[in-house]
Amino acid sequence: MKPSDTIVRIFRGSITESIHRVHLAVVNTGGTLLHQAGDPQLLTFARSTAKLIQALPVIESGAADHFGLTDAEIALCCASHNGEAEHVSTAQGILGKLGYHHEHLQCGAHEPYHAPTAQAMRVRGESPSTLHNNCSGKHSGMLALSAHLGASPDTYMSIQHPVQQLMLDAVCAMTGVPKPEMQLGIDGCGVPVFGMRIDQLALAIARLGRPDELAQARANACQRIVAAVRKYPQFLAGSDRFDTRLIEVTGGRIIGKMGAEGIFAVTIPEQGLGFVLKIEDGHVRALYPAVVEALKQLSLLSESEVSELASYHTPTIHNWQGTEVGIIRPDFQL
């Protein structure tokens, strides 16, 4: 199959109404490319997939221990969460340990991703705060690192701030991208975001899951992050979210993290594999079907696990009346 044929199809009736092109890189901890689709060297932004790596300095610096961050709080530092009550209270708990409050968060406010929570807030006449932002855990972790370093909390989002420099260093070291070559942008929550090839991001996520060759402090931090999200998958995303269900269904054997604009990163610690998949046009509706299909074809999911993830693998399309009118279906062979 040609790279251009690595696609997800959107069917309405029997007609392919739209297609989304898929790019994939699977590497081991040595950076060897084991499987690919499309362009495995596609340059893109890591977006929220980098949160798992950005949490490393929070632990390595001693900030997590100094402020007594729990495993649930560490998992939230890696999250693009739903804004459910437990997510909000956990972010609030991190800030409380710092002597801060939600106004210290500079991520902005948006309605919870979790529709029932958002609806309940509207009924009560409540406006969302920065705590409901899906990135409030990451920003709370950044503030913890800033406080531990004795740096100003006012400018923690600036690339010149010690927090962002430590996170940039961690991302560069894990991906193997030299610091002068790392492409930088601004993420949706206002902090720096990192641009790299998808195979380089796959290397970072492989090393996160199997940090055997890393320095002891970094290896310990990697293991702590993996253990935290395995123990508290609901804090990585939340109810009815693929990231959470993938960990739950596989018993933590596979850990995956989504990012905006159709990117997904997976680590399989026991096999020392990193897996990054990017939907070329950034449309999230094609992302989870492609991820499940790729994991299935690579024999990384069992048939029973694929069945449990069926609603993400081949989701149906409904009109406003609730009538089923189509289906989203991966159509590629690795």
Side-chain angles (χ1 to χ4, degrees), residues 26-29 34-35 46 48-56 58-59 64 69-82 84 86-87 90 134 137-138 141 174 201-214 218-259 263-277 287-313:
V26 182
V27 307
N28 61 21
T29 55
L34 303 176
H35 304 279
S48 286
T49 64
K51 289 176 177 175
L52 294 162
I53 309 301
Q54 288 171 287
L56 289 171
V58 179
I59 298 171
L69 299 192
T70 66
D71 286 345
E73 289 168 339
I74 289 171
L76 196 78
C77 289
C78 304
S80 300
H81 65 72
N82 262 350
E84 296 173 73
E86 63 182 349
H87 302 137
T90 302
N134 75 95
K138 176 178 76 172
M174 292 291 282
L201 179 57
L203 172 61
I205 206 75
R207 288 170 165 173
L208 177 78
R210 178 73 73 81
D212 301 353
E213 303 302 317
L214 305 182
R218 175 143 297 169
N220 290 344
C222 290
Q223 290 165 354
R224 192 165 172 184
I225 287 167
V226 169
V229 297
R230 275 177 166 165
K231 187 176 181 180
Y232 292 101
Q234 70 270 32
F235 284 94
L236 190 63
S239 302
D240 304 318
R241 291 279 300 281
F242 179 69
D243 301 27
T244 293
R245 286 297 294 146
L246 181 62
I247 298 171
E248 291 174 341
V249 166
T250 64
R253 191 183 74 256
I254 299 176
I255 293 169
K257 178 74 191 73
M258 60 79 66
I263 190 165
F264 201 86
V266 169
T267 183
I268 302 98
E270 281 66 35
Q271 297 191 36
L273 297 179
F275 165 125
V276 171
L277 187 147
L287 182 60
Y288 306 137
V291 170
V292 176
E293 180 65 20
L295 289 171
K296 175 186 176 183
Q297 290 192 29
L298 294 170
S299 300
L300 295 170
L301 287 175
S302 68
E303 287 299 325
S304 64
E305 290 167 341
V306 172
S307 178
E308 287 191 73
L309 295 169
S311 63
Y312 299 99
H313 186 204

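Scope of the values below: all heavy atoms of this structure, side chains included, with no hydrogens, waters or symmetry mates. Numbers here simply count residues along the sequence, with the first being 1.
- Side-chain atoms of Thr267 never come within 3.5 Å of backbone atoms of Ile255 as a donor-acceptor pair (strictly under, hydrogens ignored).
- When all heavy atoms are compared, the tightest approach of Ala206 to Thr29 is O-CG2, 3.6 Å.
- Here the closest non-hydrogen pair linking Gly252 and Arg230 is O-NE, 2.7 Å.
- Residue Thr90 holds its OG1 atom at 9.5 Å from OH of Tyr232, rounded to the nearest 0.5 Å.
- Applying the side chain to side chain donor-acceptor pair (under 3.5 Å) criterion to Asp243, with sequence neighbours excluded, gives no partner residue.
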Side chain to side chain contact (heavy atoms under 4.5 Å, CB included) between Leu295 and Leu309, worked out: CA-CA 11 Å; Leu295 289 171; Leu309 295 169; over 6 Å; no
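- The nearest pair of heavy atoms linking Thr244 to Ala237 is OG1-CB, 3.4 Å.
- Within the 3.5 Å criterion, the main-chain N or O of Gln234 finds a donor-acceptor partner in the side chain of His87.
- The backbone N or O of Lys138 sits nowhere less than 3.5 Å from a side-chain atom of Gln54 that would complete a donor-acceptor pair.
- Under the rule for a side chain to side chain contact (heavy atoms under 4.5 Å, CB included), the partners of Ala290 that lie at least two apart in sequence or sit in another chain are Val8, Val22, Leu277, Ile279, Phe332.
- Every pair tested for salt bridge (Lys or Arg N to Asp or Glu O under 4.0 Å) that includes a residue from residues 291-303 fails, sequence neighbours excluded, so the list is empty.
- Checked against ring-ring contact (aromatic ring centres under 6.0 Å, His included), Tyr312 has the following partners two or more places apart in sequence or in another chain: Phe242.
- Not counting sequence neighbours, the partners of Ser80 by the side chain to side chain donor-acceptor pair (under 3.5 Å) test are Ser48, Lys51, Lys257.
- Not counting sequence neighbours, the partners of Glu305 by the salt bridge (Lys or Arg N to Asp or Glu O under 4.0 Å) test are Arg253.
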Trace of the side chain to side chain contact (heavy atoms under 4.5 Å, CB included) decision for Leu236 with Arg241: CA-CA 9 Å; Leu236 190 63; Arg241 291 279 300 281; over 6 Å; no
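- Residues satisfying the side chain to side chain contact (heavy atoms under 4.5 Å, CB included) criterion with Asp240, sequence neighbours excluded, are absent altogether.
- For Glu213, the side chain to side chain donor-acceptor pair (under 3.5 Å) test picks out no residue, with sequence neighbours left out.
- Every residue two or more places apart in sequence or in another chain that forms a side chain to side chain contact (heavy atoms under 4.5 Å, CB included) with Thr70 is listed here: Ala72, Glu73, Lys97.
- Judged as a side chain to side chain donor-acceptor pair (under 3.5 Å), and not counting sequence neighbours, Ser299 has no contacts.
- Ala46 is linked by a side chain to side chain contact (heavy atoms under 4.5 Å, CB included) to Thr49, Ala50, Met196, Leu201, counting only residues two or more places apart in sequence or in another chain.
- The side-chain heavy atoms of Leu34 and Leu298, taken from C-beta on, include no pair separated by under 4.5 Å.
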Trace of the side chain to side chain contact (heavy atoms under 4.5 Å, CB included) decision for Arg218 with Arg207: CA-CA 10 Å; Arg218 175 143 297 169; Arg207 288 170 165 173; over 6 Å; no
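- In this structure Arg245 satisfies the salt bridge (Lys or Arg N to Asp or Glu O under 4.0 Å) test together with Glu248, Glu308, sequence neighbours excluded.
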Worked verdict on His81 versus Phe235 for side chain to side chain contact (heavy atoms under 4.5 Å, CB included): CA-CA 7 Å; His81 65 72; Phe235 284 94; over 6 Å; no
